[in-house]
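This report concerns only the one structure given below.
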Number of protein chains: 2
Amino acid sequence: MDAVSLAIIEQLQEDGRRPYAAIGKAVGLSEAAVRQRVQKLLDQGVMQIVAVTDPLTVGFRRQAMLGINVEGDLDPVAEALTAMDEVEYVVLTAGSFDLLAEVVCEDDDHLLEVISKRIRTLPGVRSTESFVYLKLKKQTYQWGSR
Amino acid sequence: MDAVSLAIIEQLQEDGRRPYAAIGKAVGLSEAAVRQRVQKLLDQGVMQIVAVTDPLTVGFRRQAMLGINVEGDLDPVAEALTAMDEVEYVVLTAGSFDLLAEVVCEDDDHLLEVISKRIRTLPGVRSTESFVYLKLKKQTYQWGSR
DNA sequence: TACCGATCTCACGGATTCCGTAGTTGTGAC
DNA sequence: GTCACAACTACGGAATCCGTGAGATCGGTA
């Protein structure tokens, strides 16, 4: 992860479909070199190039962030969450929650089922707190813009 | 937002650089039609095609989720957060926080400055609680995979 | 010193993709 | 009916993608 790869990522944060030649011109590399680096970044899992939406605007009615407290080892709980399709985002944190998980659901019934039937019953989960999304105001990935 | 556009988004959630022709074959549309739809989805802000990373793996040392409570109107605070480069994600929520904000910082000093000097001093902010990220376990955008 | 592996440049050529445009179809309003 | 508009198809030229091979450079290492 040197400065050049950083610069390539910044270019792709602005436009994930930008041509390799254009990126090369911007970062001072040949088209072939950019191509190699991008492929490696993707293969290594350092970066992914994907479409991102606001689920609430494309038919999903309910979305929430869950703060979760666990007794004992965090990892089994984190793994179980990671395996769920409805869970988009899992992060271990320091603070009054042990981990945060973002869930995307079709409707209230679905959300209720995921939280109370599938997450709160996981072994090790001591308690959860839900923050139901009302409106997404910002969603960016351009830390490169500074 | 019909089923076809949904299907197009799903394709691009798997691979943001997938060719229009391949998408067209998958969703039953011509290449040009897919191109038009994708362009419209981008123009309307429904979808963005971008590179996504884990900031902690590309040089940013500190990342945190902030739970914020506000007195009075939420919008001015949400707007102020949205305007900050360090804030990647802002969402209005129901629950014990009025809004959640994700911040990405270079190091501890930077994080401290953003939280205590720039966010907690915003007019209307009553209190904040920080959840410093220890490890990102999952980051997906493929609600289409179900 | 000599060698190795990694990375870059440059070049190439064929397949594929992109993109503008012209023509067609379908639908709702009046 | 017909007019307007949105969405689709078809098509051709330009640009891009992608594998490939040769040669240069630069550590690190025996």
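Lettering follows sequence order; numbering is per chain, from 1.
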inquiry  = Do B:Glu86 and B:His110 make a side-chain contact, defined as non-hydrogen atoms from C-beta onward lying under 4.5 Å apart?
reply    = yes
- [ ] Indicate yes or no: at least one non-hydrogen side-chain atom of A:Ile68 is less than 4.5 angstrom from one of A:Asp98.
- [x]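 Answer no - side chains too far apart.
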Protein-proximity profile, nucleotides 15-22 of chain D, B/S/- by nucleotide at the 4.0 Å heavy-atom cutoff, equals --SBB---
Q: Establish, with yes or no, whether the OP1 or OP2 oxygen of C:dA6 is under 4.0 angstrom from a side-chain nitrogen or oxygen of A:Lys40.
A: no
Going by an N to O cut-off under 4.0 Å, is there a salt bridge joining A:Lys137 and B:Glu79?
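Salt bridge present between A:Lys137 and B:Glu79.
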Q.
Less than 6.0 angstrom from the centroid, inside 45 degrees of the normal: does B:Arg61 satisfy that with respect to the ring of B:Tyr133?
A. no
Taken to the nearest 0.5 Å, the spacing of A:Asn69 CG from A:Phe97 CZ works out to 6.5 Å
Take the protein atom [atom1] of [X] and the nucleotide atom [atom2] of [N], then report the distance between them rounded to whole Å.
X: B:Leu29; N: C:dT25; atom1: CG; atom2: P; value: 17 Å
X: B:Ile49; N: C:dC18; atom1: CD1; atom2: P; value: 10 Å
X: B:Met1; N: D:dA7; atom1: CE; atom2: C1'; value: 16 Å
X: B:Lys25; N: D:dT9; atom1: NZ; atom2: P; value: 14 Å

**Q.** salt bridge (Lys or Arg N to Asp or Glu O under 4.0 Å) evaluation trace for A:Lys135 with B:Asp75
**A.** CA-CA 11 Å; A:Lys135 185 168 183 52; B:Asp75 249 0; over 6 Å; no
